[in-house]
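Reviewing the structure listed below.
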Amino acid sequence: MERTELSGDVVRWGADHKVSSAAACCTACLAEDRCSVWVYCAGPACGAQAGECWLKTLADPFSDVDLVRGRSDRWTSGTRLPPPPAGATPSRTVPASEAHLLLRLADGLGSVRLRLRDGSPKAKEWALVDQHADCHGCTFYRAEAVPPHWGSPDWPDTYEGGRWGPPYALVQGGLSARGAAEPPRVPREDNPVVRRGMAAWAGGGSGPAFFIALADHPEWGRGHTVFADAVTEDIAALERILALPTKTTPGKIPITNLVTPAK
């Protein structure tokens with residue numbers, strides 16, 4: 001897969017493993033039992049990384065392919081795993097009947113319902129026990145719109161004025177009801193590549209700061225615990241938050257916060 005960088009846990013680092021071609025990198029993966037995906041750097045954009053062959057293990061590379069294919073200026077990827085059968089990918093629509101947690105928003109913005117994930121059991125347990133299913137006191141304080149060029153390969157592969165922002169295609173807040181204890185500090189749980197509508201702990205941590213993605217985020221790899229999915233029809237309420245007054249703090253990564261948090 002050209003122009004594609006698949007994620008995964010590193011089996012062999014590419015910085016000290018350079019080969020002459022993508023085919024040679026594929027052969028190296030086949031020779032390593034733990035390797036399920038490989039990533040090879042080729043082309044002018046690679047610079048000193050040209051020829052690097054990273055061997056990785058990834059249980060389900062095909063869950064990422066539609067997010068990352070064709071979006072890299074440098075990398076070519078492949079896998080030794082067979083593709084799933086046609087039609088095996090489940091729908092990402094989240095019906096209201098599956099929601100566990102309700103975030104009520106003031107000022108006529110509506111509400112956001114979240115379906116908690118079994119793959120993040122510690123986060124799910126905390127949310128169900130301490131947030132009481134109806135999160136009074138939870139807030140949204142950051143609102144980043146989706147720029148028109150989001151993810152476009154015509155823009156540089158960077159989040160500093162490139163295809164990944166700014167702005168950064170998310171709303172962020174604090175998932176902590178009044179009087180509730182903070183979530184336990186635990187290792188990362190379910191960590192897919194973040195897609196539109198997924199709720200995850202912010203900053204790669206374990207809460208209570210969280211965000212809900214307003215677009216797909218392949219640029220982050222698998223760096224966040226995803227603990228819930230927003231009910232599909234409620235994403236419109238999240239997008240209404242973007243219309244509230246904001247202020248942007250300048251810097252290397254400019255942050256756009258709400259003047260008055262939504263809660």
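All residue numbers in this chain count up from 1 along the given sequence.
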Q | side-chain contact (heavy atoms from CB on, under 4.5 Å) between Leu214 and Leu242, worked out | A | CA-CA 11 Å; Leu214 299 180; Leu242 300 175; 3.8 Å; yes
Q.
Enumerate the salt bridge (charged side-chain N to carboxylate O under 4.0 Å, His left out) contacts for residues 43-62, please, sequence neighbours excluded, ordered by first and then second residue.
A. none
**Q.** Pairing residues for Ala228 by the side-chain contact (heavy atoms from CB on, under 4.5 Å) criterion, not counting sequence neighbours
**A.** Leu114, Leu116, Ala199
Q.
If the condition is salt bridge (charged side-chain N to carboxylate O under 4.0 Å, His left out), which residues does Arg3 pass it with, not counting sequence neighbours?
A. Asp73
**Q.** Set of salt bridge (charged side-chain N to carboxylate O under 4.0 Å, His left out) partners for Glu2, sequence neighbours left out
**A.** none
**Q.** Residues that Asp154 engages under salt bridge (charged side-chain N to carboxylate O under 4.0 Å, His left out), provided they are two or more places apart
**A.** none
Q: Over all heavy atoms of both residues, which pair between Thr158 and Glu160 is shortest? Give the atoms and the distance, please.
A: OG1-N, 3.1 Å
Q: Run through the side-chain heavy atoms of Ile, Leu, Val, Met, Phe, Trp and Tyr, join any pair under 4.5 Å, and report what else lands in Tyr40's cluster.
A: Val11, Val19, Trp38, Leu55
(Q) With salt bridge (charged side-chain N to carboxylate O under 4.0 Å, His left out) as the rule and sequence neighbours excluded, what pairs involving residues 21-40 come up? (A) Glu32-Arg34
Q.
Contact between Val231 and Val112 at the side-chain level, heavy atoms closer than 4.5 Å - yes or no?
A. no
Q | From Asp229, Leu238, Ile241, Asp234, residue fulfilling side-chain contact (heavy atoms from CB on, under 4.5 Å) relative to Ile212 | A | Leu238
(Q) I'd like to check the salt bridge (charged side-chain N to carboxylate O under 4.0 Å, His left out) partners of Asp157; sequence neighbours left out, ordered by chain and number. (A) none
Q | By ring-ring contact (aromatic ring centres under 6.0 Å, His included) - contacts of Phe210 (at least two apart) | A | Phe140
Q: Classify the angle between the aromatic ring planes of Trp220 and His224 as parallel (below 30°), tilted (30 to 60°) or perpendicular (above 60°).
A: tilted
(Q) Restricting to side-chain contact (heavy atoms from CB on, under 4.5 Å), what partner residues turn up for Thr256, sequence neighbours left out? (A) Glu144, Thr246, Thr248
Q: Say whether Leu30 and Val37 are linked into one hydrophobic cluster, either directly or through other cluster members, by side-chain heavy-atom distances under 4.5 angstrom.
A: no
Q.
Give me the atom names and distance for the closest heavy-atom approach of Trp126 to Pro208.
A. CH2-CB, 4.4 Å
Q: Can you tell me which residue pairs pass the salt bridge (charged side-chain N to carboxylate O under 4.0 Å, His left out) test with a partner in residues 4-22, sequence neighbours excluded?
A: none
(Q) Is there a disulfide (SG to SG under 2.5 Å) between Cys53 and Cys25? Walk through the geometry before answering. (A) CA-CA 6 Å; Cys53 173; Cys25 191; 2.1 Å; yes
Q: Examine the side chains of Ser36 and Arg80 and answer whether a donor and an acceptor come within less than 3.5 Å of each other.
A: no
Q. Are the ring centres of Trp13 and His17 closer than 6.0 Å?
A. no
Q: Any chance you could lay out the salt bridge (charged side-chain N to carboxylate O under 4.0 Å, His left out) test for Arg117 and Glu125, step after step, and finish with the verdict?
A: CA-CA 10 Å; Arg117 288 185 163 226; Glu125 179 184 14; over 6 Å; no
**Q.** Closest non-hydrogen atom pair, Phe62 against Thr79
**A.** CZ-CG2, 3.8 Å
**Q.** For Glu233 against Arg113, the heavy-atom pair lying closest together
**A.** OE2-NH2, 3.0 Å
Q.
Contact between Trp201 and Thr225 at the side-chain level, heavy atoms closer than 4.5 Å - yes or no?
A. yes
Q) Of all residues at least two apart in sequence or in a different chain, which pass the side-chain contact (heavy atoms from CB on, under 4.5 Å) check with Ser20? A) Ala24
Q: Quick one: closest heavy-atom pair of Met1 and Thr4, and the distance?
A: O-CB, 3.5 Å
Q | Intermediate values then yes/no, ring-ring contact (aromatic ring centres under 6.0 Å, His included), Tyr159 and Trp150 | A | CA-CA 10 Å; Tyr159 49 80; Trp150 185 262; over 10 Å; no
Q) Pick one: which of Val259, Ile255, Thr260 meets side-chain contact (heavy atoms from CB on, under 4.5 Å) with Asn257? A) Ile255
